[in-house]
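Below is a structure I'd like to ask you about.
Proteins come first, then strands; the chains are lettered A, B, ... in the order of their sequence lines, and each starts at number 1.
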2 protein chains.
Amino acid sequence: MRLLVVEDDADLARQLTERLSAEGYAVDRAGDGEEGQFLGETEPYDAVVLDLGLPKVDGLSVLRAWRAAGVATPVIILTARGTWSEKVQGIDAGADDYLAKPFNMEELLARVRALIRRTKGHASPEIACGPVVLDTRTGRVTVDGRPVDLTAHEHRVLSYLMHRKGQVVSRTELTEHIYAQDFDRDSNTIEVFVGRLRRKLGVDVIRTVRGLGYRMEEA
Amino acid sequence: MRLLVVEDDADLARQLTERLSAEGYAVDRAGDGEEGQFLGETEPYDAVVLDLGLPKVDGLSVLRAWRAAGVATPVIILTARGTWSEKVQGIDAGADDYLAKPFNMEELLARVRALIRRTKGHASPEIACGPVVLDTRTGRVTVDGRPVDLTAHEHRVLSYLMHRKGQVVSRTELTEHIYAQDFDRDSNTIEVFVGRLRRKLGVDVIRTVRGLGYRMEEA
DNA sequence: TTGGAACCTGAACGGGGGCTGAGCCGTGCG
DNA sequence: CGCACGGCTCAGCCCCCGTTCAGGTTCCAA
């Protein structure tokens, strides 16, 4: 999953990026509203963490601009403590969740997970494809209840496929959601990861749709 | 389904063509308004993605020319950010949808899908012909709920037939909508695909109308 | 009934998309 | 410093898929 963090406070931004990366997300960062708005309109993020107090263009304007432009990416806004009016405005402007600063990092992580899950259309925190089960809270993957060890990138690939199970996911789409901003287009890394996943999982749940991409089997 | 992309920015044009092809469309590209207008009037596209800022002839003129010439192909226009007047003029000129640049690729894909569905007269994202069901979002085909594996070209043929269910579709029409610009006319590939489809589907829903073409049964 | 046109189908083939094993490189850790 | 490991690249192989062709079957007109 690929995230955008729009935060001007360098310290907080670093903390967020590090922690979210450690959780296995591909994270892009924007330091002001202008950059944030541009990235949010251009790149296909799975969720955005948006601070409301920003240089150049403030967060609310960014959010409104996105929604006006039809960008439906789920957004969590960060507001200074106690500024209730901001929260309300944020929700009105199309935010999906909000968090008051200073916030608890674990809570943010939980909310991000839940948000991505909801917007991909999964009610439960566990996603299952046949015997393969992904627990979105712990990030743990099991096959028939038996845990499977995956590397960071293997996990990202599988996780994205499972969140979109039943649909064909093209190689380019996978690449875009798995790597942060700079990535190489001409390479077969995706195929390599899929190959390793298939071997590690030991079950035939990742179907290749020749010429189009990959699809996780529904049942 | 066959699409036309009219876009002068080489980078963006390549991105669009690649992605749309990966989604299973046959894509033609025009680099300026003149070429675009010609192709749009000549070839039978199922949808057009039209940039408004173009060399030689600008997008709005192209669109007006098409509509004046009776070309009813659905058109999505791409406008530079914030130029509201262009959007309004675009709609007035006969555009069916518009998107502000920079745009989100996933959103464009969704709009293209929806547009094609609407113009072929289907309200729901699922099209059914008896036991055969096509989900236009996932591209999945089922017979009596049982999924059927199709190759890319088989899928295109079936998809086009189903979008025009109940109507007779000639071999040449099929060929034109399934292949991009350069294709061979003298060949029996269509017959082969129809044959394979009939076998894979296992149901008699594709009727041949001797001398005219094929028809998907309504009920 | 017969001939021919339209259509179907099985087999074969050639190219290219996809898979994989091996090896390289950078990084983190003992 | 060296080792292990994860990420990435590359080359070669395999096999799927699109296409063609030949021969068979069905339909229609005369």
Side-chain angles (χ1 to χ4, degrees), chain A residues 18 21-22 24-26 139 141 148-161 168-175 177-180 182-215, chain B residues 2 18 21-26 139 141 148-161 168-215:
Chain A
E18 273 179 14
S21 303
Y25 298 104
V141 175
V148 180
D149 271 339
L150 299 179
T151 70
H153 273 52
E154 286 165 5
H155 187 90
R156 285 189 198 169
V157 172
L158 181 64
S159 167
Y160 192 78
L161 283 174
V168 176
V169 181
S170 72
R171 244 165 279 270
T172 57
E173 187 181 344
L174 261 178
T175 322
H177 283 265
I178 279 157
Y179 293 99
D182 305 312
F183 58 91
D184 193 354
R185 286 152 188 285
D186 301 333
S187 118
N188 69 337
T189 33
I190 297 294
E191 292 159 40
V192 175
F193 283 127
V194 169
R196 291 187 183 162
L197 276 173
R198 289 208 248 244
R199 193 187 309 170
K200 284 195 180 180
L201 296 178
V203 196
D204 187 29
V205 283
I206 307 179
R207 303 283 305 263
T208 110
V209 185
R210 200 183 168 84
L212 297 181
Y214 298 96
R215 178 180 53 213
Chain B
R2 187 164 164 206
E18 271 179 17
S21 303
E23 292 292 317
Y25 298 104
V141 176
V148 180
D149 272 337
L150 299 180
T151 71
H153 273 52
E154 286 165 5
H155 187 91
R156 285 190 198 170
V157 173
L158 181 65
S159 169
Y160 192 79
L161 285 173
V168 176
V169 180
S170 73
R171 236 169 293 269
T172 56
E173 185 182 346
L174 263 177
T175 320
E176 283 172 351
H177 282 266
I178 280 156
Y179 294 97
Q181 217 154 356
D182 305 312
F183 58 92
D184 194 353
R185 283 151 190 285
D186 302 333
S187 115
N188 70 336
T189 34
I190 297 295
E191 292 160 39
V192 175
F193 283 129
V194 170
R196 288 182 184 166
L197 275 173
R198 291 208 247 241
R199 191 191 309 173
K200 283 195 179 180
L201 295 178
V203 195
D204 186 30
V205 284
I206 307 179
R207 303 285 299 265
T208 112
V209 184
R210 200 181 169 82
L212 296 181
Y214 298 97
R215 179 180 53 214

What residues, two or more places apart in sequence or in another chain, satisfy side chain to side chain contact (heavy atoms under 4.5 Å, CB included) together with V192(B)?
N188(B), R196(B)

Check side chain to side chain contact (heavy atoms under 4.5 Å, CB included) between R207(A) and all other residues, then give those that pass, not counting sequence neighbours.
D204(A), E217(A), D149(B)

Write out a two-atom table: protein N or O, nucleotide N or O from nucleotides 12-16 of chain C, distance below 3.5 Å.
from    : atom 1 : to      : atom 2 : distance (Å)
dG16(C) : N2     : R210(A) : NH2    : 3.2

Atom pairs under 3.5 Å: protein N/O with N/O of nucleotides 28-30 of chain C:
none

Mind calculating the distance between CD (E191(A)) and P (dG17(C)) to the nearest angstrom?
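After rounding, the gap between these two atoms is 11 Å.
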
Respond yes when some side-chain nitrogen or oxygen of T151(B) is under 4.0 Å from OP1 or OP2 of dG18(D), and no when none is.
yes

Using atom NE2 of H153(A) as one end and atom P of dG7(D) as the other, report the distance to the nearest whole Å.
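Going from NE2 in H153(A) over to P in dG7(D) covers 6 Å.
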
Taking side-chain hydrogen bond (donor to acceptor under 3.5 Å, both in side chains) as the definition, give me every residue that meets it alongside S170(B), ordered by chain and number, with sequence neighbours left out.
T172(B)

Just N and O in the side chain of R199(B): are any of them under 4.0 Å from OP1 or OP2 of dC8(C)?
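Looking at the OP1 and OP2 atoms of dC8(C), neither is under 4.0 Å from any side-chain N or O of R199(B).
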
Rounded to whole angstroms, how far apart are CG on D149(A) and C1' on dC5(D)?
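So the two atoms are 13 Å apart, to the nearest Å.
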
Between R198(B) (CZ) and dT25(D) (P), how many Å, whole number?
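Value for this atom pair: 17 Å.
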
My understanding is that only residues two or more places apart in sequence, or in another chain, count here; which of them pass salt bridge (Lys or Arg N to Asp or Glu O under 4.0 Å) with R171(B)?
E191(B)

Quick one: side-chain hydrogen bond (donor to acceptor under 3.5 Å, both in side chains) partners of E173(A), sequence neighbours excluded?
Y160(A), R164(A), R19(B)

To the nearest angstrom, how far is H155(A) atom NE2 from dG7(D) atom C1'?
17 Å

Under 4.0 Å between a side-chain N or O of S187(A) and OP1 or OP2 of dT9(D)?
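Affirmative; the distance criterion is met.
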
Using a cut-off of strictly less than 4.0 Å, decide whether Y214(B) has a side-chain nitrogen or oxygen near OP1 or OP2 of dC8(C).
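Yes, within the criterion.
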
Between dC28(D) atom P and L212(B) atom CG, what is the distance in whole Å?
12 Å

Over all strands shown, is V192(B) touching base, sugar-phosphate only, or nothing at heavy-atom distances under 4.0 angstrom?
base

Can you name the salt bridge (Lys or Arg N to Asp or Glu O under 4.0 Å) partners of E154(A), sequence neighbours left out?
K200(A)

What is the distance, rounded to the nearest whole Å, between atom CZ of R207(B) and atom P of dC27(D)?
11 Å

With R156(B), which residues qualify under side chain to side chain contact (heavy atoms under 4.5 Å, CB included), at least two apart?
A26(B), H153(B), I178(B)

What is the distance, rounded to the nearest whole Å, between atom CG of N188(B) and atom C1' of dG18(D)?
12 Å

Choose from dC8(C), dG7(D), dT19(D) the nucleotide whose nearest atom is closest to any side-chain atom of T189(B).
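Given the options dC8(C), dG7(D), dT19(D), the side chain of T189(B) is closest to dT19(D).
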
